[in-house]
Every structure is written in C-alpha cells, then in structure tokens.
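Working notes, beginning with the structure itself.
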Amino acid sequence: MVALVDCNSFYASCEAVFRPDLKGKPIVVLSNNDGCVIAANKEAKAMTHIPMYEPIFKIKNQLLTNGVNFFSSNYTLYGEMSQRVINILKTFSPKVEVYSIDESFLDLSTVPRDELEAHGHKIKDTILQYTGLPVGVGIARTKVLAKVANRMAKKLPDLQHVCVVDSEQSEEELLKWCTIDDVWGIGKQHAKRLKSINVHDAHDFTRLPLAWVRKEMTVVGERLWRELNGEKAIEMVMEPKKKKGIGTAKSFGKKLTDLGLIEEACAFYITEVAEVLRAQGTCASQLTIFLTTNYHSDYDKQYANRITLKLEVPTNSTFILIKEANKALRKIFKLGYRYKKVGVDVTGIVPENEVQGNLFRPNLNSLSVLSKTVDKLNAKFGKAKVRSSTLGKRMKQWELIKEERSPRYTTQWNELLTVGKCKPKA
DNA sequence: TCTGGGGTCCTAGGACCC
DNA sequence: TCTGGGGTCCTAGGACCC
C-alpha cells in the first residue's frame, strides 16, 4: 500500500503557524510580485469564493471587506517548514518520495492491513504536533489511487483527514466519487475530451478500452488507467533526480525600458542559477535568455523573443555565464518597449567532473575555485554580498514587490518569533 | 496602474549516421 | 518498373503538475 500525505493549504498554513492571533481567520498568500492569489486557507475559501490565480487587483476589495489577511510569498519559510515535515515522514516509512513542496508518497508495504488507518492518523497527528501544520492522508494500492483517496480525505469531514481504500468495494466507491477533472494527470484538455464521450468520473475512465486510452492519451494515459485499475504502473522515486534544466524568470517590480537595468536583473538570475549548478556539482552547456513585454496589456506594444546559445565549454561559473548572457541579451533587446520580464534557463546539464575542455579553451578550474569561494562568503554573510559588478546597486528599480512578506522565522536570527508578542514586523 | 514561477514527460518530424 | 533497414540526436509543441 502507498500513502499520499499532503499539507492542507500549505503556504497559508505555514503563515498561520507563526501567527496564532490569526487562528480561525481567513488567510491568502500571493504570488511573486503580489500578483495573484496562489493559496487560501479553508476559512478564506469558506467565506467567499476566491478564484485562484485571479489577479489580486480585481478582487482586492472583495477580500478586504471580508477581513481577509494577505501575505506575500515567503519561500524561505515554506521550504524550511517543508523539510521539517519530510523529516517526520521519514520516521514513518523507509521509502519516502518527496513529490513537491507539500506532498510526499510513503511506501507502507510493511504496515499490516488492519493497522493502516491507525498509522495514517499517527502520521497526521505527529506532523500537527511537531510543526503545527495540518495534513491529509490517502492510503491505497497505487500512487494514483492514493492521490484520489487523499482528495476524499480532505473533502469528507467524517474521515478526519485520513482515508484508507483497501477493498474492491471501497475502490469502486472512490472511483465513482471522483470526477474526471479531479484525477491526477487529467487536465483541462483531456477532461473536455473525455466528457464529450460520456466519461464523467474516474470509474467511467477505468472502463474505457485500454487501446483507446493508449492511442488518444499516450503512454501517460495508459499508466493512469492501469493505476486506477489497481495495477502499479508508476514507481516510487526515492532519489531526487538531477535537474535537466534550471531556470529563473521573474517579473520586474515595474516595467523596464533600459537595457542596463534589464542586464542587472538578468545577471542576478544567472547568479542564482549558477549557484544551483555548483551546489549539485554540474555544469551547463547551453544558455537560453528570454525577454518579454506585458502580454496582458492592451496599450503597450508587444514584443517577446528568446535566444539559445551553446557554450564552448560547459560551465557553472557565474562570471562566464553573465558575460554570455549579456551578449545574448543584446541580440534580442529592442529599444522602445516596456519590458515586464527577463528569464534565464540553462540546459544540457553535465556532471562537473566530466566536462571536457578543448585545445583552445581548457577547463577553467581557477574560475570554479573563485565561484565556490564566493558561494561560501555569501552563505555566511548573506545573499549577493559578493557579486559581479554587473549586478550594480539598482536592485530596487527592478526587484520583486513583496509588500506583505512575513518574517523568515526559521532561518534568520533577527527575524525570530518573539513569544508574548504575536505580531512581529519584518 | 495592477495578471506567478518552476518544472516534467511524451510524440512527431527532421537531420544525420552506418 | 523496382531505390533498405536500423539507429541516434535534437527540437518544437502539447499536456500536465504543484
């Protein structure tokens, strides 16, 4: 049997942990740049219909009149809380697959059948006690079934957030309960298609001929079909895979027209990406830069372009990557537009120790020593304390807007929660 | 005025190899 | 008349996930 453990309204719940004064009150968390709503706790969902991913300016008044509390995204906090949950999960199963920041699969094949439910409750209660975060647990024969069971655990109050599906009969009930758009792996397009041929719930889907599913939904659909029919088709993945591409692209706090500022932002993102490359001991052989105006805007002239270049020798040096990025950026930058976003992506990722130099460009070890030293200094003294001069000092002119960010309670000494004073200010 | 960011996997088709 | 067969690698586009 497999369990899926999922934190409820994860980001909103993380904020609530450190603000006991907000217990029982509606909370929403906003995307980068405070652009739209990406998480809402059950109180916020209950009091008013909050469309997820709606731009906040359209619904701000509605939320304010309902007394909803806003937070900007605080990924430092969420990442660290996530790690705490994972550490606890690892005490409940030797095989844990971390699927996302707030979801993990657990292999429960060693737990006796009649103890599954108690085990599920133990997991839930322990996480709540140790971290303050509420979770739901779904347990079933396959990952996809566990995912559906988890959904049911959340939706049916009687289940107390733990749903075990361990008989043919309960599996059939589960499948009939789950509408087709709620199946993991079936998105908008497939759901529309399936409904048009009268497939409305997961049970209908399992009754389709496999050949049809394979033909129309590729091998991905086939795996889903098998898993929903109780056959294991998606393995647990314990080791986090090395990334195939690393990218970062963030909207500017305000529109930019000046190449210099865009270069700064770009260099900043390169710095982040290169740090990830070095942290996992890899180099990139290709670099993509893209630039775009605000495609939502009706007044602005629109322009978007991207360029990919091969690096002569794969590298993870911030300095080389910035130099190349600037060359690339100059090729696609055009004067006269109000730019919204610049992004960088590195691909063709190879292990650092397999990089081959060539006759004219030997592998530049000295630069990698320099980069690693910079990493160490920044780890100690703070992000971007030592940096390429390209980054300049004008961050304020392009950096993300995060007006409502909560303190980084768990990672910064000067932002620790003060007991007895429940409203710390960042 | 204001609309997120970071990923994965699969397939088809083209270019190329022996 | 009749023009092979078995591969790899790369890219773009589609669909999906949190």
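Proteins come first, then strands; the chains are lettered A, B, ... in the order of their sequence lines, and each starts at number 1.
Scanning DNA chain B 5' to 3' for nucleotides with an atom closer than 4.0 angstrom to a non-hydrogen atom of chain A gives a first and last hit of B/dT1 to B/dT11.
Within the 4.0 angstrom heavy-atom criterion, only backbone atoms of the sugar-phosphate kind lie near A/Y299; the bases stay farther away. Here A/R306 lies out of heavy-atom contact (under 4.0 Å) with every strand. Counting any heavy atom pair closer than 4.0 Å across all strands shown, A/N33 reaches no nucleic acid atom. Counting any heavy atom pair closer than 4.0 Å across all strands shown, A/S297 reaches no nucleic acid atom. Contact annotation for A/E54: no contact, since no heavy-atom pair falls under 4.0 Å across all strands.
Looking only at distances, no side-chain donor or acceptor of A/N229 sits under 3.5 Å from a matching main-chain atom of A/E231. Of the possible donor and acceptor atoms, none in the side chain of A/D201 sits under 3.5 Å from a partner among the backbone N and O of A/W177.
Scanning residues 182-206 of chain A for heavy-atom distances under 4.0 Å to DNA chain B yields an empty list. Non-hydrogen atoms lying under 4.0 Å from DNA chain B are contributed by nothing in residues 330-337 of chain A.
Between A/K327 and A/E324 a salt bridge is recorded (basic side-chain N to carboxylate O distance below 4.0 Å).
The aromatic rings of A/Y337 and A/Y339 sit tilted relative to each other, their planes meeting at an angle between 30° and 60°.
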For DNA chain B, what string of dots and brackets results from 5' to 3' when Watson-Crick and G-U pairs need both distances under 3.5 Å, crossing pairs get [ ], and pairs with another strand get |? ....||||||||||||||
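Between A/M81 and A/F18, the closest side-chain pair of non-hydrogen atoms falls below 4.5 Å.
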Validation: residues 156-164 of chain A side-chain donor-acceptor distances under 3.5 Å, sequence neighbours left out:
none

Kindly list each side-chain donor-acceptor pair under 3.5 angstrom involving residues 138-147 of chain A, sequence neighbours excluded, with atom names and distances?
{"from": "A/R141", "atom 1": "NE", "to": "A/E171", "atom 2": "OE2", "distance (Å)": "2.7"}
{"from": "A/R141", "atom 1": "NH2", "to": "A/E171", "atom 2": "OE1", "distance (Å)": "2.7"}
{"from": "A/R141", "atom 1": "NH2", "to": "A/E171", "atom 2": "OE2", "distance (Å)": "3.3"}
{"from": "A/T142", "atom 1": "OG1", "to": "A/L145", "atom 2": "N", "distance (Å)": "3.2"}
{"from": "A/T142", "atom 1": "OG1", "to": "A/E227", "atom 2": "O", "distance (Å)": "3.0"}
{"from": "A/T142", "atom 1": "OG1", "to": "A/E227", "atom 2": "OE1", "distance (Å)": "3.4"}
{"from": "A/K143", "atom 1": "NZ", "to": "A/E97", "atom 2": "OE1", "distance (Å)": "2.8"}
{"from": "A/K143", "atom 1": "NZ", "to": "A/E97", "atom 2": "OE2", "distance (Å)": "3.4"}
{"from": "A/K143", "atom 1": "NZ", "to": "A/E235", "atom 2": "O", "distance (Å)": "2.9"}
{"from": "A/K147", "atom 1": "NZ", "to": "A/E103", "atom 2": "OE1", "distance (Å)": "2.5"}
{"from": "A/K147", "atom 1": "NZ", "to": "A/E103", "atom 2": "OE2", "distance (Å)": "3.3"}

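Here, B/dG4 and C/dC17 have their C1' atoms 15 Å apart, quoted to the whole Å.
In this structure, A/I246 and A/N294 both approach DNA chain B, and ranking their closest nucleotides by distance from the 5' end singles out A/N294.
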